Amino acid sequence: MLAHRVVEHLDVIDHPRRGQGGGHDPELRPQVRAKLVAGVERVARAAAMMAGAPEPDIKIGVGSDSVVNEPDLTDRTAAVFREAFGPNAIPKTDFISASEDYSAYAAAGVSHSLFFGIGIYDPARVQAAKNGGPPLPFNHSPYYASAPEPTIRTGVEAMTLAVLNLLGN
């Protein structure tokens, strides 16, 4: 089950200019996934052998593809967001488990795609987590609860600005 869960959730968001050489080749992502799957299978078999257990029955689901933002659209939208929300409004370039369904949407032939996030927690709660307080739960956690204000207002404004930017307005 662990092997299945690990590989099923290998969907990541990738800023196209991250890393050396100015970016990632999107074709590399399936190769990386295959390497991770093979590694999980090796570890599961080795752990079973080490424990004297029978060979494990490893079933790995299909999972999701990576989300790769369009470089030009990312840069243009980041500039709009910085103008509207200040200099800290920058695209998050860390690899994260972005969305188990967004990659399918983006791969379905839409003409443009940009996955972005907005801050959802009260700044005092963020600071408390940084200082060793309770961790901030991710959106699929039963403990997730965003601050309604300004989260909803900011989300609507960000989406509106992103769409207007895409349309050239």
Side-chain angles (χ1 to χ4, degrees), residues 1-19 23-24 26 28-30 32-33 36-37 40 60-169:
M1 186 61 171
L2 175 61
H4 174 77
R5 283 281 168 220
V6 169
V7 178
E8 181 181 286
H9 294 286
L10 290 178
D11 52 324
V12 295
I13 184 169
D14 183 8
H15 187 279
R17 291 197 177 87
R18 182 186 171 103
H24 288 303
L28 180 65
R29 290 280 153 242
V32 171
R33 183 184 181 82
L36 288 170
V37 167
V40 167
I60 298 176
V62 175
S64 304
D65 292 331
S66 298
V67 174
V68 181
N69 283 336
E70 291 179 41
D72 182 53
L73 182 58
T74 300
D75 292 342
R76 285 181 21 223
T77 306
V80 169
F81 284 179
R82 279 191 299 277
E83 184 178 324
F85 303 114
N88 291 332
I90 57 171
K92 184 170 181 67
T93 57
D94 296 336
F95 289 96
I96 61 171
S97 180
S99 171
E100 60 278 350
D101 55 357
Y102 188 84
S103 59
Y105 167 76
V110 297
S111 59
H112 296 285
S113 170
L114 172 64
F115 188 95
F116 64 88
I118 60 171
I120 57 168
Y121 292 113
D122 182 293
R125 196 168 168 201
V126 173
Q127 192 58 47
K130 286 181 182 179
N131 293 336
L136 299 172
F138 200 63
N139 64 339
H140 291 286
S141 164
Y143 303 105
Y144 171 81
S146 62
E149 179 59 40
T151 304
I152 295 170
R153 180 177 35 83
T154 303
V156 170
E157 185 176 353
M159 181 58 79
T160 301
L161 288 169
V163 170
L164 290 173
N165 175 56
L166 177 63
L167 296 174
N169 295 324

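One-based numbering along the sequence shown. Values in this document were obtained by computation on a predicted structure and should not be read as measured data.
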*Asks:* For a quick test of reading the model, state the closest non-hydrogen atom pair linking A129 to L136 and the distance between them.
*Replies:* CB-CG, 3.9 Å
*Asks:* Rounded to the nearest 0.5 Å, what's the gap from CG on L164 to CE on M159? Could you check?
*Replies:* 11.5 Å
*Asks:* Taking all atoms of both residues into account, what is the closest heavy-atom pair of S111 and E70, and its distance?
*Replies:* O-OE2, 3.7 Å
*Asks:* Going by the rule salt bridge (Lys or Arg N to Asp or Glu O under 4.0 Å), which residues pair with R76 if we only count those two or more places apart in sequence or in a different chain?
*Replies:*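 Expected list: D72.
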*Asks:* So, for Y143 and P137, which heavy atoms are closest and what is the spacing to 0.1 Å?
*Replies:* O-CG, 3.3 Å
*Asks:* Take atom CD of E83 as the centre, draw a 6.0 Å sphere, and report whether it contains more than 12 heavy atoms from other residues, nucleotides or ligands.
*Replies:* no
*Asks:* Do you know the tightest heavy-atom contact between A145 and Y121?
*Replies:* O-CE2, 3.9 Å
*Asks:* List the atom of F81, the atom of A89, and the distance in Å for their closest heavy-atom pair.
*Replies:* O-CB, 3.6 Å
*Asks:* Got a sec, which residues hit side-chain contact (heavy atoms from CB on, under 4.5 Å) with T151, two or more places apart in sequence or on another chain?
*Replies:*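 Testing T151 for side-chain contact (heavy atoms from CB on, under 4.5 Å), a comparison that skips the adjacent residues, returns I118, I120, S146, A147.
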*Asks:* Please name the pair of heavy atoms, one in Y144 and one in F138, separated by the smallest distance, quoted to 0.1 Å.
*Replies:* CB-O, 3.5 Å
*Asks:* Do L166 and T77 come close enough that some side-chain heavy atom pair is under 4.5 Å?
*Replies:* no
